Amino acid sequence: MRCVALVVAAGQGIRAGGEVPKQYRPLGGRPVLRHSLVTFTRHPRVDAVRVVVAEGHGPLYAQAARGLDLLEPVVGGPSRQASVRLGLESLAGDPPDLVLIHDGARPFASRRLIDRVLAALERHPAVLPALPVVDSLRRTRGERVLEDVDRADLVRVQTPQGFVFGAILDAHRRAPAGFADDGAVADWAGLPVVHVPGEEGNVKLTLPEDLEAAELRLARAARRRTGQGIDVHRLVPGRRLVLAGVEIPSELGLEGHSDADVVLHALTDALLGTIGAGDIGSHFPPTDARWRDAPSSLFVRHALGLLAERGAVVEHVDVTILAERPRIAPHRAAMRATLAELLGLAEEAVGVKATTTEGLGFTGRGEGILASVLATCRLEAMP
């Protein structure tokens with residue numbers, strides 16, 4: 001059965017503070033929303049993912065979704081209920097069998113939780129993940145504490161909530177405004193709604209302290225890896241000299257199938273090395289005419305996309321260039337700035353150094369340039 005995940009991220013998220021909505025705030029070096037998108041795009045039973053965004057959030061969404069295989073986003077409405085309905089309507093032209101509706105501000109929903117919801121959807125038309133209420137409950141009026149509230153039959157509802165697509169679309173089309181979530185819409189429409197065990201870690205980020213706690217959680221779970229890349233190219237006449245994405249005036253340029261940017265080639269290998277994804281040649285064969293004279297930034301972006309799919313975030317790169325000529329020092333600042341922008345890092349997280357080999361070897365004779373790059377990434381433990 002075909003399943004689509006509909007991730008709702010059309011809110012303003014003002015209670016979390018900050019200059020951008022909470023779903024786009026950085027969490028472990030990635031926007032909050034991206035954590036959920038990666039989880040759903042990796043799940044083997046989720047065939048497609050669509051995000052509902054707010055009007056004007058296009059650039060923020062593009063950054064959060066960069067490199068992921070997603071359906072085109074759809075603009076939401078003035079409320080969550082309206083946004084979900086618009087998202088469902090956008091799928092109606094090619095309707096899936098099942099739909100999972102998830103809050104974009106819940107970055108920690110796990111694959112196991114998605115499995116439980118999908119398994120229950122094989123027998124029921126509407127499924128919610130839920131947790132028991134473990135604290136005592138009291139009804140209050142102002143500062144005054146009134147009577148006890150029986151918690152025996154109460155649960156805390158989470159997302160993703162799963163539905164038979166046609167049934168929940170019909171329910172949303174008929175429902176009046178004012179429902180808290182899609183399970184409530186389904187119940188109003190007469191669908192039998194069941195629940196499966198939720199997860200304590202599947203928190204919804206709402207307040208500033210929620211984001212702080214989430215950062216600490218990721219920091220405890222994170223692992224770090226270092227990759228190394230080394231590349232060499234010959235200096236020849238009639239070619240541009242491009243190093244670290246910066247064109248340098250020179251009578252000689254680097255020979256190669258692409259623009260032969262030896263620094264970016266070494267950087268690509270270093271990034272691929274952090275996740276054991278082969279080398280640049282296995283992804284971009286020099287025999288492929290598509291890459292003739294191509295800017296090497298394409299290779300770096302491809303590697304960054306692979307890292308993102310695996311939950312990896314680049315933290316630092318350190319570049320060493322071995323060359324007798326040209327002098328690198330006048331161009332070092334431009335190289336750092338270009339690399340920082342390409343990698344989405346602060347310039348202080350990018351090191352660029354250069355040295356000669358005192359006339360020894362092919363670099364000493366001015367026959368070529370060697371670049372060595374170390375890259376450090378944080379590989380977050382994926383649920």
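We use all heavy atoms of the structure for the numbers below, so side chains are in, but hydrogens, waters and symmetry mates are not. Being a predicted model, the structure only gives us computed values, none of them experimental.
The distance from the CZ atom of Arg85 to the CD1 atom of Ile168 is 13.0 Å, given to the nearest 0.5 Å. We find the CD1-CZ distance between Ile248 and Arg327 to be 11.5 Å, quoted to the nearest 0.5 Å.
The two residues Ala175 and Trp188 come nearest to each other via the heavy atoms CA-CZ3, 3.4 Å. Here the closest heavy-atom approach between residue Thr226 and residue Leu374 is recorded as CG2-CD2, 4.3 Å.
Gln158 places a side-chain heavy atom less than 4.5 Å from the side chain of Arg106. Using a 4.5 Å heavy-atom cutoff, the side chains of Val155 and Val133 are not in contact. For the pair Leu100/Leu6, no side-chain contact is recorded, criterion being any heavy-atom separation below 4.5 Å from C-beta on. Residues Val317 and Thr376 have side chains not in contact (no heavy-atom distance under 4.5 Å, counting atoms from C-beta outward). At least one side-chain heavy atom of Lys204 sits less than 4.5 Å from a side-chain heavy atom of Lys22. In this structure, Leu243 and Met335 have side chains that are in contact, with non-hydrogen atoms separated by less than 4.5 Å. For the pair Ile101/Val84, a side-chain contact is recorded, criterion being any heavy-atom separation below 4.5 Å from C-beta on. Considering only heavy atoms from C-beta on, Leu37 comes within 4.5 Å of Val7 through its side chain.
Between Arg80 and Asp103 there is a salt bridge, since a side-chain N of the basic residue sits under 4.0 Å from a carboxylate O of the acidic one. Note on Arg224 versus Glu315: salt bridge recorded, some NZ/NE/NH1/NH2 to OD/OE distance being below 4.0 Å. Ionic pairing of Arg2 and Asp94 is present here: one or more N-O contacts between side-chain nitrogen and carboxylate oxygen are shorter than 4.0 angstrom. A salt bridge links Glu200 to Arg156: one of the charged nitrogens lies within less than 4.0 Å of a carboxylate oxygen. Note on Asp148 versus Arg139: no salt bridge recorded, every NZ/NE/NH1/NH2 to OD/OE distance being 4.0 Å or above.
Formation of a donor-acceptor pair under 3.5 Å by the His43 side chain with backbone atoms of Arg45 is found in this model. With hydrogens and angles disregarded, no donor-acceptor distance shorter than 3.5 Å links the side chain of Ser282 to the backbone of Gly278. The backbone N or O of Thr140 lies less than 3.5 Å from no partner atom in the side chain of Glu147, so there is not a single donor-acceptor pair. Side-chain atoms of Asp210 come within 3.5 Å of backbone atoms of Thr206 as a donor-acceptor pair (strictly under, hydrogens ignored). Between the side chain of Ser110 and the main chain of Leu113, a donor-acceptor pair closer than 3.5 Å is present. Side-chain atoms of Arg336 come within 3.5 Å of backbone atoms of Glu347 as a donor-acceptor pair (strictly under, hydrogens ignored). Remark: the backbone N or O of Cys3 is paired with a side-chain donor or acceptor of Asp47 at under 3.5 angstrom. When atom types are taken as modelled, the side chain of Asp318 and the backbone of Ala375 share no donor-acceptor pair closer than 3.5 angstrom. Panel note: side chain Gln23, backbone Ala9; a donor-acceptor pair is recorded below 3.5 Å. Looking at Gln161, its side chain never comes within 3.5 Å of a backbone N or O of Pro129 through a donor-acceptor pair.
Within 6.0 Å of atom CZ in Arg234, 12 or fewer heavy atoms from other residues, nucleotides or ligands are found, so the atom counts as exposed in its surroundings. The neighbour count for Asp288 CG, taken as heavy atoms of other residues, nucleotides or ligands under 6.0 Å away, is above 12. Around the CZ atom of Arg332, the shell of radius 6.0 Å holds more than 12 heavy atoms that belong to other residues, nucleotides or ligands. Under a cut-off of 6.0 angstrom, the local environment of CD in Glu341 is sparse, with at most 12 non-hydrogen atoms contributed by other residues, nucleotides or ligands. By the 6.0 Å contact criterion, CZ on Arg144 is open, its count of non-hydrogen atoms from other residues, nucleotides or ligands being 12 or less.
With sequence neighbours left out, the ring-ring contact (aromatic ring centres under 6.0 Å, His included) criterion links His195 to no other residue. Residues passing the salt bridge (Lys or Arg N to Asp or Glu O under 4.0 Å) test with Asp293, sequence neighbours excluded: Arg239. In this view, Arg225 satisfies the salt bridge (Lys or Arg N to Asp or Glu O under 4.0 Å) rule with no residue, not counting sequence neighbours. Partners of Phe40 by ring-ring contact (aromatic ring centres under 6.0 Å, His included), not counting sequence neighbours, listed by chain and number: His102. Partners of Glu251 under the salt bridge (Lys or Arg N to Asp or Glu O under 4.0 Å) rule, at least two apart in sequence or in another chain, do not exist in this structure.
Val99 and Leu191 end up in different hydrophobic clusters when Ile, Leu, Val, Met, Phe, Trp and Tyr side chains are linked at under 4.5 Å. Clustering ILVMFWY residues whenever any of their side-chain heavy atoms sit less than 4.5 angstrom apart, transitively, puts Leu343 in the very cluster that holds Leu306. Under the 4.5 Å side-chain contact rule for hydrophobic residues, Val185 and Leu169 do not share a cluster. Hydrophobic clustering (side-chain heavy atoms under 4.5 Å, transitive across Ile, Leu, Val, Met, Phe, Trp, Tyr) keeps Leu267 apart from Ile230. The hydrophobic cluster containing Ile275 also contains Val373, counting ILVMFWY residues as joined when their side-chain heavy atoms lie under 4.5 angstrom apart, directly or transitively.
A donor atom on one side chain and an acceptor atom on the other are found under 3.5 Å apart for Asp182 and His172. Side-chain contact, Thr363 with Thr357: a donor N or O sits under 3.5 Å from an acceptor N or O.
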Margin query: Applying salt bridge (Lys or Arg N to Asp or Glu O under 4.0 Å) to Arg116 and Glu199, what does each step give before you reach the verdict?
Written below: CA-CA 11 Å; Arg116 287 198 292 274; Glu199 294 176 338; 3.6 Å; yes
Margin query: I'd like to know whether Glu89 forms a side-chain contact (heavy atoms from CB on, under 4.5 Å) with Arg173, so could you lay out the CA-CA distance, the side-chain angles of the two residues, the decisive distance to 0.1 Å, and finally the verdict.
Written below: CA-CA 9 Å; Glu89 294 285 5; Arg173 284 173 170 172; 2.8 Å; yes
Check: Phe163 and Val117: side-chain contact (heavy atoms from CB on, under 4.5 Å), yes or no, with the steps?
Finding: CA-CA 9 Å; Phe163 305 92; Val117 173; over 6 Å; no
Next item on the list: Run the numbers on His233 and Asp231 for side chain to side chain donor-acceptor pair (under 3.5 Å), then give the verdict.
Entry: CA-CA 7 Å; His233 283 275; Asp231 197 33; 2.9 Å; yes
Next item on the list: List the steps and the verdict of side-chain contact (heavy atoms from CB on, under 4.5 Å) for His265 and Ser258.
Entry: CA-CA 10 Å; His265 290 191; Ser258 63; 3.1 Å; yes
Next item on the list: Tell me, with the steps shown, if Leu205 and Leu27 meet side-chain contact (heavy atoms from CB on, under 4.5 Å).
Entry: CA-CA 11 Å; Leu205 306 185; Leu27 174 61; 4.1 Å; yes
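Among Ile369, Leu254, Leu370, the one residue that satisfies the side-chain contact (heavy atoms from CB on, under 4.5 Å) test with Val232 is Leu370. Screening Thr268, Asp259, Asp261 for a side-chain hydrogen bond (donor to acceptor under 3.5 Å, both in side chains) with Ser296, the sole residue that qualifies is Asp259.
Between Phe284 and Trp291, the ring-plane angle classifies as perpendicular under the 30° and 60° cut-offs.
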Could you list the donor-acceptor pairs under 3.5 angstrom formed by side chains in residues 49-65, with sequence neighbours left out?
{"residue": "Arg50", "atom": "NE", "partner": "Glu72", "partner atom": "O", "Å": "2.7"}
{"residue": "Arg50", "atom": "NH1", "partner": "Ser90", "partner atom": "O", "Å": "3.1"}
{"residue": "Arg50", "atom": "NH1", "partner": "Ser90", "partner atom": "OG", "Å": "3.0"}
{"residue": "Arg50", "atom": "NH2", "partner": "Glu72", "partner atom": "O", "Å": "3.3"}

